Amino acid sequence: MTDDHVYLTLAEGDHEAEARWAYGTGFADPLLGVDTAPAPDVDGADLSLYCQLLGDDALVLAQRLIEWTTHAPELEEEVALANLALDLLGQARLLLTRAGQVDGTGRTEDDFAYWRAEHEFRNVRLVEAENGDFAFSIARLLVFATARGALYRRLAEAAPDAVVRAVAARGVKELAYHQEYAAAWLLRLGDGTAYSRERMQAGLDAVWPLVDELFTAHEVELRLGLDPAGLREPVEAELARAIERATLAVPTARPLARIGGRAGREGVHGEALGRLLAELQVVAREHPGATW
Amino acid sequence: MVPVQTAEPEQVPELVERFEAVIAAEQRIEPRDWMPDAYRATLVRQIAQHAHSEIIGMQPEGNWLTRAPSLRRKAILLAKAQDEAGHGLYLYAAAETLGVDRSELTEKLISGRQKYSSIFNYPTLNFADVGVIGWLVDGAAICNQVPLCRCSYGPYARAMVRVCKEESFHQRQGYELLMTLMHGTEAQRAMVQDAVDRWWWPSLMMFGPPDGDSPNTAQSMAWRIKRHTNDELRQRFVDMTVPQAEHLGVTLPDPELRWNEERGSWDFGEPDWSELMRVIKGDGPCNTQRIEVRRAAHEDGAWVREAAAAYARKEKERHG
């Protein structure tokens, strides 16, 4: 019978025969052809830390987006939010792997994700905040994607490391979609019903105090010549255009204060990150030394 | 939307004749073709139940997304959950060709008027459950679904081709995860065995009650919606799975499992059908929770969907 044949090829085939599966498993290496030797004039510890700043942002926001799974307002949003999370997770994996290569420790992506303590995470507080409602999540995504897209465009040209340039070049396209997705929802919610408009404005207002940190330099960014302060004006202008188009008001909320001059980049976070990491790390930490 | 046919077969014998000729010739019934009301109703029920299963099935695996113990496993699991949302979407679209719509089907799901696969009413209790679901649950789903690629209703058959390809990928990933765990620590191997012990019998029940207690099978087979009986598919699944279990190094929790030389198949014990009936009737470990999560997502998202609809109306007014 025809279906018996289909069945055999689908489910009972030789597990080594790639062609029998819908997709192969040998996915292309995203860094194929990239010279991974670190530039001699760049400090390995600094570059590693820089990769952690960006890698932690991507990882923590991916984890927050993953929390939407099975809770999204529509099935199309389930698919889209998972896509965004997969993109960010991919960026995080490449950046954290790079962090362990250039600092000489040989730590893996999983060493960074699962075995560092909360104060060793370097993400901005924007990405760790709890999801809130769909409006808050969209506002956060819009801010992050706009800022990270601008940063990646710059890094694709100017990063002092070939791997970071390659990750950024790929990330530019991904973040452009994230920004477009968030802006489309900003528009629908802002210019939808009176109720959605109110919630979208509240989401923007709640996110706004967390924007400043994206443009506040950590010392390692200054040492590498990658001060994010220069991105503030173009990013804020881009955000203002999207917000005004959605008939909403650009928030005027003041930035969240730092703690003794420190914030996420220095490992000083809000209360939400500890719980996020407890969940992310729990299984790995129950089985030290195990391979998954 | 396709108007629902109301003509009774005896009033339009030539339509009935044409329908039956298409079925007999192994051709496809398409949305605009006349079909008996009972055929349409059977397909709506089956496709909706299948779509609901994809969507509810995201929950037991979604339970481990935030805790997956490596970033690679997290990415694999997330991509799988995303595929399931995609399968739900094309299956709801296939159901829509029969004159129903997704929101109506979703209402029926959350009000308990339509079912989903009972397997998803069991909890996922350790990370190996993710692998065992891929191996056994997706494996059983493949056994059930591959014959549906030749189902007499065209949109369903075509949707199943893609669904089956992706399911086979998931099954392979599940098996690969279990292989990795079985080559790992003692604790990891124990997790796999524990997961197999819990999922084996519910997986066998995925094929439905024994043939003698499956009143709809004969009609579905006559319509070429279904190609094999529940017991035939269950046997096929057992025959496929036993050697895989041996290769993996796990024990299937059935003392009656033994090779039958005469039949050229594995004999196996009787699943606890009273448990299946209890789970179907709503007393499974997670029935209430699964529906509640789906209901909450749907209701919490209502304002978002209303906003999108309002925006679309405004855009239409603005641009004609």
Side-chain angles (χ1 to χ4, degrees), chain A residues 1-3 6-7 10-12 15 20-23 25 59 62-63 66-67 69-79 82-83 85-86 89-90 92-93 96 109-110 113-114 133-135 185 187-189 191-193 195-197 199-200 276 279-280 282-284 286-287 289-292, chain B residues 55 58-59 62 64-75 78-79 81-82 85-86 88-89 92 102 127 139 142-143 146-147 149-150 164-166 168-169 171-172 175 177 180-181 183-185 187-188 227 236 240 293-294 296-297 300-311 314:
Chain A
M1 277 190 289
T2 329
D3 58 310
V6 173
Y7 177 75
L10 277 180
E12 282 192 339
H15 285 231
R20 294 193 170 185
W21 299 89
Y23 306 95
T25 50
L59 175 61
Q63 181 81 355
I66 284 170
E67 291 174 3
T69 307
T70 74
H71 304 290
E74 189 57 288
L75 296 181
E76 284 81 353
E77 274 36 75
E78 293 282 355
V79 175
N83 242 338
L86 280 165
L89 195 53
R93 294 178 63 189
L96 295 177
E109 59 186 46
D110 288 340
Y114 294 94
D133 67 356
F134 191 66
W185 272 112
L187 196 55
R188 290 185 200 112
L189 298 179
D191 194 17
T193 63
Y195 180 68
S196 69
R197 177 188 169 75
R199 285 183 74 158
M200 191 63 244
L276 179 147
E279 193 169 338
L280 186 143
V282 63
V283 179
E286 271 172 29
H287 300 270
T291 301
W292 302 93
Chain B
I55 300 307
M58 294 167 70
Q59 291 182 37
W64 289 94
L65 274 173
T66 54
R67 292 177 290 169
S70 77
L71 297 184
R72 174 170 171 266
R73 292 293 173 198
K74 190 188 283 284
L78 180 56
Q82 187 190 34
L89 280 171
Y92 283 124
R102 199 208 300 181
F127 190 70
I142 291 168
C143 287
V146 165
C149 299
R150 294 195 301 137
C164 283
K165 284 182 180 173
E166 293 182 354
S168 83
F169 189 54
Q171 193 201 18
R172 183 184 187 176
Y175 198 72
L177 168 58
T180 304
L181 300 185
H183 286 100
T185 64
Q188 287 175 305
R227 298 277 172 174
R236 187 183 287 197
M240 167 188 91
V293 166
R294 186 71 196 97
D300 293 349
W303 70 276
V304 175
R305 296 190 301 275
E306 281 156 21
Y311 177 76
K314 287 185 192 176

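None of the values given here were measured: they were computed from a predicted structure. Convention: sequence-line order gives letters A, B, ...; per-chain numbering from 1.
Both the backbone and the side chain of Ala85(A) come within contact range of chain B, judged by heavy atoms closer than 4.5 Å. The contact between Leu75(A) and chain B is made by backbone and side chain atoms together, counting heavy-atom distances below 4.5 Å. Contact of Ala92(A) with chain B is not made at all, since no heavy-atom distance falls under 4.5 Å. Of the two parts of Arg102(B), only the side chain, counted from C-beta on, holds a non-hydrogen atom closer than 4.5 Å to a non-hydrogen atom of chain A. Leu187(A) touches chain B through backbone and side chain together, each having a heavy atom under 4.5 Å away. In this structure, the portions of Ala75(B) lying under 4.5 Å from any heavy atom of chain A include both its backbone and its side chain.
Annotation: side chain to side chain contact (heavy atoms under 4.5 Å, CB included) contacts of Ala290(A) (sequence neighbours excluded): His287(A), Trp292(A), Thr185(B), Gln188(B). Evaluation of the side chain to side chain contact (heavy atoms under 4.5 Å, CB included) rule for Asp110(A) yields Thr108(A), Tyr114(A), Ser70(B), Leu71(B) as partners, not counting sequence neighbours.
Your options are Leu181(B), Val293(B), Leu78(B), Thr180(B), and the one with the most heavy-atom pairs under 4.5 Å with chain A is Leu78(B). Taking chain B as the reference chain and counting heavy-atom pairs below 4.5 Å, the highest number among Arg199(A), Glu76(A), Arg197(A), Glu109(A) is found for Arg199(A). Looking only at heavy-atom pairs under 4.5 Å with chain A, the residue among Arg294(B), Lys314(B), His183(B) that has the most is Lys314(B). Listed options Val79(A), Leu276(A), Asp191(A) were ranked by heavy-atom pairs under 4.5 angstrom with chain B; first place goes to Asp191(A). Among Ala62(A), Ser196(A), Ala113(A), Ala72(A), the residue making the largest number of heavy-atom pairs under 4.5 Å with chain B is Ser196(A). Interface summary for chain B: among Thr69(A), Asp133(A), Leu280(A), the most heavy-atom pairs under 4.5 angstrom belong to Leu280(A). With chain A as partner, the option from Ala310(B), Ala297(B), Ala307(B) having the largest number of non-hydrogen pairs under 4.5 angstrom is Ala307(B).
Note that CE of Met200(A) is 7.5 Å distant from CH2 of Trp303(B), once rounded to the nearest 0.5 Å. Annotation: the span from Met58(B) atom CE to His71(A) atom NE2 amounts to 9.5 Å, rounded to 0.5 Å. In this structure, the separation between CD on Glu74(A) and CG on Leu89(B) is 8.0 Å, given to the nearest 0.5 Å. The NZ atom of Lys74(B) lies 3.5 Å from the CD atom of Gln63(A); values are rounded to the nearest 0.5 Å.
At a threshold of 4.5 Å between non-hydrogen side-chain atoms, the residues Ile55(B) and Glu78(A) do not count as touching. Counting heavy atoms from C-beta on, the side chains of Phe134(A) and Asp300(B) never come closer than 4.5 Å. Between Gln82(B) and Asn83(A), the closest side-chain pair of non-hydrogen atoms falls below 4.5 Å.
A salt bridge does not link Glu77(A) to Arg305(B): none of the charged nitrogens lies less than 4.0 Å from a carboxylate oxygen.
Closest heavy-atom contact between Pro73(A) and Gly301(B): CB-CA, 3.5 Å.
For the residue pair Thr193(A)/Glu306(B), the side-chain donor-acceptor check at 3.5 Å is not satisfied.
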